[in-house]
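Not measured: the values here are computed from a predicted model. Numbering starts at 1 and runs along the sequence shown.
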Amino acid sequence: MNPADIESVEILKGSAAAAIYGARAGAGVVLITTKRGRAGETRWSLRSTSSADKVNRDYPLQRRFGHGSQGNPAVCGGPGCYLTGASFGPELAPNVPRFNHFMEMFETGRTFDNTLSVSGGSDRATFYASLGHTDQDGYIIGGNDAFLRTTALIKGTLQLNDKLTLGGTINYADTHGSFIQKGSNLSGLLLGALRTPPEFDNRQYRDPETGLHRSYRYPRPTPTSLYQTRAYDNPFFIVYEMQNTSDVGRAFGNINLDYRPMDWLSVKYTLSSDYSSDARIEALPPSNSTEPTGQIDRANYTIFQFDHNLIAQAEKRFNNWVNASLTLGQNLNSRSYTQLQVRGRGFIAPDIFTLSNTISSNMLPLDYESLVHLESYFAEAKLDLWDQLYLTAGARNDASSTFGKSVRRNWFPKASVAWEFSEFLGIQTGTGLLSYAKARAAYGETGREPEPYQVFSGFTVGTFGDGWTTGLNVSQGGNAGIFRSGSKGQERLKPERNKEFEAGLDLAFFDSKVDVGVTYYDARSTDVILSLPVPPSTGYFSQVQNAATITNKGWEVSANWRALSMRDLEWNVGVQWARNRNLVKDLRGAEQFYLPGGFVSGIK
């Protein structure tokens with residue numbers, strides 16, 4: 001989505017606010033509203049921006065000692081030598097060149113962004129259309145750190161009669177990116193860069209005699225070392241020689257109907273879809289340290305989401321002091337994901353990034369498909385008393401194909417109360433020493449869906465490995481093979497559940513030039529989904545379970561001062577303070593739990 005097309009962003013971060021979105025709102029909800037046309041003359045807008053990105057903080061690397069260990073230098077005895085990775089050899093002489101292996105990897109990044117939009121309409125029809133283009137050259141050196149995005153948006157409404165309005169939106173985005181390997185990865189940019197001794201010149205990443213990849217651990221490659229590891233890749237080899245690209249086409253939009261049969265009743269229907277296709281290449285040329293013979297992944301990731309949303313809302317003002325509303329709704333959602341991926345190993349030619357350039361017997365399919373259906377019903381009632389006391393209650397019922405069959409349906413309730421007692425005190429809102437005052441309290445429950453198919457035990461194909469080596473391919477000598485999944489299915493798997501109570505106070509002073517907000521929250525997450533170890537005698541290593549209980553308690557305080565407010569100039573000063581106390585209360589008897597990824601031995 002083009003950021004220039006966004007009109008507003010609303011964040012529902014608490015369970016009390018987000019409960020109406022049920023099992024998919026455990027991490028909060030972000031509501032994005034795009035711009036729309038308005039009645040009146042046609043308006044044209046052209047917006048062009050340019051920005052620069054520069055790494056402005058160095059990484060504190062030692063540059064006093066050279067390559068070696070315990071004061072002894074690392075000595076290369078000739079071509080093909082492998083050296084220690086330590087950088088605490090002898091102290092370097094003053095005339096020895098030293099290199100900044102962090103800052104030398106960066107340049108000034110540039111971003112150019114242009115958006116052309118047109119909008120307008122009449123009393124019965126409105127339209128908004130835009131075209132956007134973003135061209136970004138990132139702050140890592142070389143040309144393989146770039147991003148291009150072209151977007152188009154058309155949005156309109158048409159009032160068919162006094163009671164029925166038709167609307168629609170369609171977005172299209174075409175993006176192309178080129179990226180750099182990163183992270184705890186032998187071919188990751190900073191892992192090799194930051195471990196390089198200060199006197200080694202990484203910029204000469206090809207040996208002048210053999211023309212092959214050299215690194216500080218393997219400084220003098222032999223003519224026959226094309227398919228050998230360098231221990232850690234030279235960061236300039238990573239930047240200039242590796243290929244990691246992504247080409248994405250995405251189209252999403254909706255059609256909607258707004259029917260108002262009576263002044264107090266409205267019915268809204270929205271049918272939405274979202275389709276994207278992401279074609280990726282991740283290629284490690286020969287002599288890389290992850291897969292020295294060369295490796296390429298070609299993949300296409302296709303995501304399609306279909307959403308039906310039907311809402312009926314009744315609102316009635318009974319007298320001067322009572323206003324009430326009731327909302328009923330249904331949501332049907334379907335999400336499909338398809339991964340078509342093939343990994344090839346063993347390059348034939350060193351610089352051709354295609355699967356046909358790999359040894360065919362080394363090819364490994366990594367296909368995956370998933371389909372998730374969600375059926376939901378929700379209701380919300382609001383009561384406004386004396387234009388100062390606001391009561392809200394609601395609930396959502398979700399049934400997802402990712403839940404266990406015996407626990408398929410789950411309720412997520414919410415309730416809140418807010419009292420603008422400044423009205424009770426007779427204070428005219430926005431004026432006076434105390435300009436506004438509101439007390440509030442709320443309770444709500446939200447959830448987080450399990451991943452697809454965790455309720456089943458099954459078999460898998462491909463490679464059986466330990467996460468460190470290339471693993472064992474179960475298909476050998478032309479004979480197919482399968483193996484049992486190491487994770488046992490959980491037939492009673494439920495969504496994670498977040499229960500949160502919060503209370504707060506909002507105050508404004510000095511004709512609303514100063515406002516203060518204070519919030520206390522107490523959140524308890526139950527049925528947290530973890531993969532816990534099971535006895536190997538069961539035939540499995542782990543099982544996904546609703547195991548953990550985690551609490552979060554804390555305070556949030558904000559204060560804002562509108563120091564200057566003029567027609568053409570505004571100056572606001574704000575400060576925020578927050579404190580959170582997190583505690584894992586229960587792991588359902590497990591002595592330890594392994595976090596996925598990273599060098600973590602477990603949490604006990």
Any side-chain heavy atom of Phe147 within less than 4.5 Å of one from His176? no
So how far is it from Asn254 CG to His308 NE2, rounded to the nearest 0.5 Å? 13.5 Å
Under-4.0 Å salt bridge between Glu491 and Lys405: no
Electrostatic pair Arg24-Glu496, nearest N-O below 4.0 angstrom: no
Check the side chains of Arg492 and Ser406 for a donor-acceptor pair under 3.5 angstrom, ignoring hydrogens and angles. yes
Output yes when Lys382 and Asp384 qualify as a salt bridge under the 4.0 Å nitrogen-oxygen rule, no when they do not. no
Determine, for Phe252 and Arg250, whether the Lys NZ or Arg CZ falls below 6.0 Å from the six-membered ring centre while staying within 45 degrees of the axis. yes
Does a donor on one side chain sit under 3.5 Å from an acceptor on the other, for Asn2 and Thr115? yes
Run the side chain to side chain donor-acceptor pair (under 3.5 Å) test on His133 and Thr150 for me, step by step, so that the C-alpha distance in whole Å, both residues' side-chain angles and the decisive distance to 0.1 Å come before the verdict. CA-CA 4 Å; His133 182 72; Thr150 302; 3.0 Å; yes
Just do the side chain to side chain donor-acceptor pair (under 3.5 Å) check on Asp367 and Gln339 with the steps written out, would you? CA-CA 5 Å; Asp367 297 350; Gln339 171 183 307; over 6 Å; no
Side chains of Asn144 and Gln243: donor-acceptor distance under 3.5 Å anywhere? no
Does atom CD1 of Ile154 have more than 12 heavy-atom neighbours, drawn from other residues, nucleotides or ligands, at distances under 6.0 Å? no
What I want to find out is whether Glu556 reaches Arg579 closely enough, with some N-O distance under 4.0 Å, to be called a salt bridge. no
Residues Asn300 and Thr302: side-chain donor-acceptor under 3.5 angstrom: yes
Evaluation steps, side chain to side chain donor-acceptor pair (under 3.5 Å), between Tyr436 and Glu420: CA-CA 8 Å; Tyr436 178 78; Glu420 292 184 1; 3.1 Å; yes
Inter-residue atom distance Leu340.CG - Tyr301.OH, 0.5 Å rounding: 10.0 Å
As an exercise, state the distance from OG1 of Thr402 to CG of Leu374, rounded to the nearest 0.5 Å. 8.0 Å
When you check the side-chain N and O atoms of Gln388 and Tyr390, is any donor under 3.5 Å from an acceptor? no
Any donor-acceptor N or O pair under 3.5 Å, side chains Ser525, Asn498: yes
Residues Arg562, Glu570: salt bridge by 4.0 Å N-O rule: no
Using a strict threshold of under 4.0 Å (side-chain N to carboxylate O), is an ion pair present between Asp297 and Arg343? yes
Among Asn397, Leu332, Asp398, Asn331, side chain to side chain contact (heavy atoms under 4.5 Å, CB included) partner for Glu375: Leu332
Carboxylate-amine/guanidinium contact Asp174 Arg149, below 4.0 Å: no
Counting only heavy atoms not in Glu41, do more than 12 sit closer than 6.0 Å to its CD atom? no
Is there a donor in the side chain of Thr270 and an acceptor in the side chain of Ser272, or the other way round, less than 3.5 Å apart? no
For the CG atom on Asp162, are there more than 12 heavy atoms of other groups (residues, nucleotides or ligands in this structure) within a distance under 6.0 Å? no
Is Arg36 paired with Glu7 through a side-chain N to carboxylate O contact shorter than 4.0 Å? yes
Quick one: CD1 on Ile303 to CG on Asp278, what's the gap to the nearest 0.5 Å? 8.0 Å
With a 4.0 Å cut-off, would you call Arg317 and Asp387 a salt bridge? yes
Under the side chain to side chain donor-acceptor pair (under 3.5 Å) criterion, do Asp113 and Thr134 qualify, and how do the steps go? CA-CA 4 Å; Asp113 191 75; Thr134 300; 2.3 Å; yes
Ignoring hydrogens and geometry beyond distance, is a side-chain donor-acceptor pair present between Gln136 and Thr111 at under 3.5 Å? yes
Taking the side chain as everything from C-beta on, heavy atoms only, tell me whether Leu12 gets closer than 4.5 Å to Leu31. yes
Do you know the tightest heavy-atom contact between Phe412 and Pro495? CZ-CG, 4.1 Å
For Tyr269 and Asp258, does a side-chain donor sit closer than 3.5 Å to a side-chain acceptor? no
Could you check whether atom CD of Glu369 has more than 12 heavy atoms from other residues, nucleotides or ligands sitting under 6.0 Å from it? no
In terms of heavy-atom contacts, Val518 and Arg440 come closest through O-NH2, 3.6 Å
Starting at OG of Ser51, measure out to CZ of Phe112 and round the result to the nearest 0.5 Å. 8.5 Å
What's the shortest heavy-atom distance between Gly444 and Ser15, and which atoms? O-CB, 3.4 Å
Check against side chain to side chain contact (heavy atoms under 4.5 Å, CB included), Thr327 and Ile311: CA-CA 7 Å; Thr327 301; Ile311 299 175; 3.6 Å; yes
In this structure, are over 12 heavy atoms from other groups packed under 6.0 Å from Arg124 atom CZ? yes
Would you indicate whether Ile281, at its atom CD1, is surrounded by more than 12 heavy atoms from other residues, nucleotides or ligands within a distance under 6.0 Å? yes
Among Thr126, Asp5, Thr34, which residue meets the side chain to side chain contact (heavy atoms under 4.5 Å, CB included) test with Lys155? Thr34
Heavy-atom closest contact (Leu328 atom, Ala379 atom, distance): CD2-CB, 3.6 Å
Phe403 side chain near Pro450 side chain, heavy-atom distance below 4.5 Å: yes
Using a 6.0 Å cut-off, check whether atom OH of Tyr21 has over 12 heavy atoms from anything other than its own residue. no
Taking all heavy atoms of Asn256 and all of Gly168, pick out the closest pair and write down the distance. ND2-N, 3.9 Å
Compare all side-chain heavy atoms of Val267 with those of Leu310 and state whether any distance is below 4.5 angstrom. yes
Taking atom NZ as the centre, does Lys35 end up with more than 12 heavy-atom neighbours from other residues, nucleotides or ligands that are less than 6.0 angstrom away? yes
Quick check against the 3.5 Å criterion: does Gln543 have a side-chain atom that pairs as donor or acceptor with the backbone of Gly489? yes
Determine, for Arg335 against Glu449, whether the closest basic-nitrogen to carboxylate-oxygen distance falls under 4.0 angstrom. yes
Apply side chain to side chain contact (heavy atoms under 4.5 Å, CB included) to the pair Asn546 and Val528, showing each step before the final yes or no. CA-CA 5 Å; Asn546 295 110; Val528 176; over 6 Å; no
Ile32 CD1 to Ile6 CD1 distance, which is reported to the nearest 0.5 Å: 5.0 Å
Tyr368 and Tyr453 aromatic ring geometry - parallel, tilted or perpendicular at 30°/60° bounds: perpendicular
When you measure from the centre of the six-membered ring of Tyr377, is the NZ or CZ of Arg396 under 6.0 Å away and within 45° of the axis? no
Hey, does Ser422 have a side-chain heavy atom less than 4.5 Å from the side chain of Phe424? no
If we ignore hydrogens and angles and just use 3.5 Å, is the side chain of Ser401 paired with the main-chain N or O of His373 as donor and acceptor? yes
